[in-house]
Amino acid sequence: MNAAPVQRDVHAELKGVTRIYSAVPGAGAKLPVPALGPIDLDLVRGEFFAVVGPSGCGKSTFLEVLAGLQKPSAGSVSFEGKPVSGQVPEGIGVVFQEDASFPWLTVWDNVAFGLRRNGVAAPEMRRRVEDALAFMGLKDFARAFPSQLSGGMRQRVCIARTLVLQPRLILLDEPFGALDAQTRLLMGDEVLRLWRRTGATVLLITHALDEAAMLADRIGAMSARPGRFIEVIATGWPRERDSTIVGAAAFGEITGRLWERLRGESLKALGHSDVAALAAE
Amino acid sequence: MTRVGLIRLVVIAALIGALELACRTGLIDHRIIIAPSEMASALWTLLASGSLDADIARTLGLIGLVTALSIVLGFAAGVAIHALPRLREALDPFFATYYAVPVFIFYPVLIAIFGLTLMPIVLIGVSTAIVAMIIATLNGLDRVPRVLGKVARVHRLGRIATALQLQLPAAAPYLFTGIKLAVSYGFIAVIAAEFILSPAGLGRDIADAYADFNNRRMYALILFLLVVATLVNAVLHSLDMRFAARRSGGRA
Ligand SMILES: Nc1ncnc2c1ncn2[C@@H]1O[C@H](COP(=O)(O)OP(=O)(O)OP(=O)(O)O)[C@@H](O)[C@H]1O
Ligand SMILES: [Mg+2]
């Protein structure tokens, strides 16, 4: 812990951030839902940060507040030194938990969407789209429609659509949540490649401890709702790494440590009242 | 052609052939139904004479007008109602039961108000067709995945760009269903209204031919409307298939 990089260049910063969903009239919940925080976190420029936590603990809420998609109920968020409020700043790319590919566009046009919006010239656009497609292994599917692809490939389309805009901060919300464990490991390698090549700061939300342990420089373990970081673990992996590190001894230590911290929280999330007894085994 | 398509064609041809045979052998009295070949030749003569042109133009024009109004106004109303959840909640029971009410009973009232003009037909037509378009629009907007709204904001799209570039295409399949229904309802309502009471039009022509025991003319007109309705539906269907082929399949 606290193995601070030599120059701690803060890329994004959350200070005392909370998010409370107001009660929806008639929709079950009668009381406001405290979903997040308080959160204090600095993301260091160029780092790979993973967030793990039990389901429903506020991970997506955290990502949306950080991205400027939701306003925090308290506290402040800043990106590259400027406050984030009510708008997604230029330079942030988001891949969502749900499939967000556009079914009416081909894979190629899906990926080109943002560039078209920004009025990028045709040759430049073609170059960047083709590059992103090749990078995500979608070259042969450029003319396919999302409905012709598997769920994992559709998520790759969404990643390519984000990557092509060259964001400096990439937020990924359980992009491989629906995939089987083996495919997830391989997709993890792709995210690592993406991170290395773009030099962007990457924040990955996942519910898989091994995924977090394998990919990240630092892992934030989140408590049950309202989500807070109960521990931030530095992994100390070299920048050049891939899924083969799951065999390393340190990998087991890290996942073990994460599980130790999260077991009780996961039980809470499941609704066990006698958490203390269960967590103590 | 697919096997199923071929079977379908054979069935239709067999039915027409059977009818033809039954009429020719006198099994069916020609005062009740005339042979399909006679219908076709009567229609050909009628069309060639040019005497139908005005009525065709009037009726198809009315159908076009009713359909276009229903689609445009229905879409606009759908968008507005979707934006006002309270209003929508209030209106929902009406939409749910609308087609259980025969709007046609108001036709005499409209004639009493507007006289034998085009107005009662247009109003009956639009009130029949528009609700299908409103319901389809609401349904389509409901099905736009919420995540698209977030994608729009990440791309910093404005309201109008979001509507045109993301919401509209996402809702398009449902809107198209509404368009198909509006065309069908428009067709039915206009012909039926003309049939009941109207100074002119194909519906009126059929009613007149019936009253005059003019079977050749009546069946020729019926055949004409059948052919037109089938053609319009075939065009809409093939458009639908072209959209569906790329978007459906593997996706809920
Ligand atoms: N718009 C909303 N209104 C009210 N409550 C909400 C809303 N969105 C989320 N919540 C609640 O806030 C809590 C956190 O939700 P969030 O989606 O951030 O969790 P998560 O950790 O991403 O969950 P998952 O693991 O299922 O993706 C949940 O209990 C959820 O029910
Ligand atoms: Mg989530």
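So that the names make sense, note that chain A is the first sequence line, chain B the second, and so on, each numbered from 1.
- When the shell of 6.0 Å around CD1 of Ile160(B) is examined, it contains 12 or fewer heavy atoms from other residues, nucleotides or ligands.
- Of all residues in residues 61-82 of chain A, those placing a non-hydrogen atom less than 4.5 angstrom from a non-hydrogen atom of chain B are Glu64(A), Gly68(A), Leu69(A).
- The two residues Leu148(B) and Ala100(A) come nearest to each other via the heavy atoms CD2-O, 4.1 Å.
- There is no contact between Leu149(A) and chain B, counting heavy-atom distances below 4.5 Å.
- Atom CG of residue Leu105(A) and atom CD of residue Gln165(B) lie 9.5 Å apart, to the nearest 0.5 angstrom.
- In this structure, chain B has no heavy atom under 4.5 Å from any part of Pro167(A).
- Environment of NZ in Lys180(B): crowded, with over 12 heavy atoms of neighbouring residues, nucleotides or ligands closer than 6.0 Å.
- For chain A, the option among Lys150(B), His155(B), Arg146(B) with the highest count of heavy-atom pairs below 4.5 Å is Lys150(B).
- With a 4.5 angstrom heavy-atom cutoff, Pro145(B) does not touch chain A via any of its atoms.
- Nearest heavy atom pair, residue Ile92(A) against residue Val154(B), reads O-CG1, 4.0 Å.
- For chain A, no part of Ala172(B) is nearby; none of its heavy atoms comes within less than 4.5 Å.
- Other residues, nucleotides and ligands place more than 12 heavy atoms under 6.0 Å from the OH atom of Tyr98(B).
- Contact of the Leu166(B) side chain with the Trp104(A) side chain is registered, since non-hydrogen atoms from C-beta on lie closer than 4.5 Å.
- For residues 111-127 of chain A, the interface with chain B (any heavy-atom pair closer than 4.5 Å) comprises Phe113(A), Gly114(A), Arg117(A), sorted by residue number.
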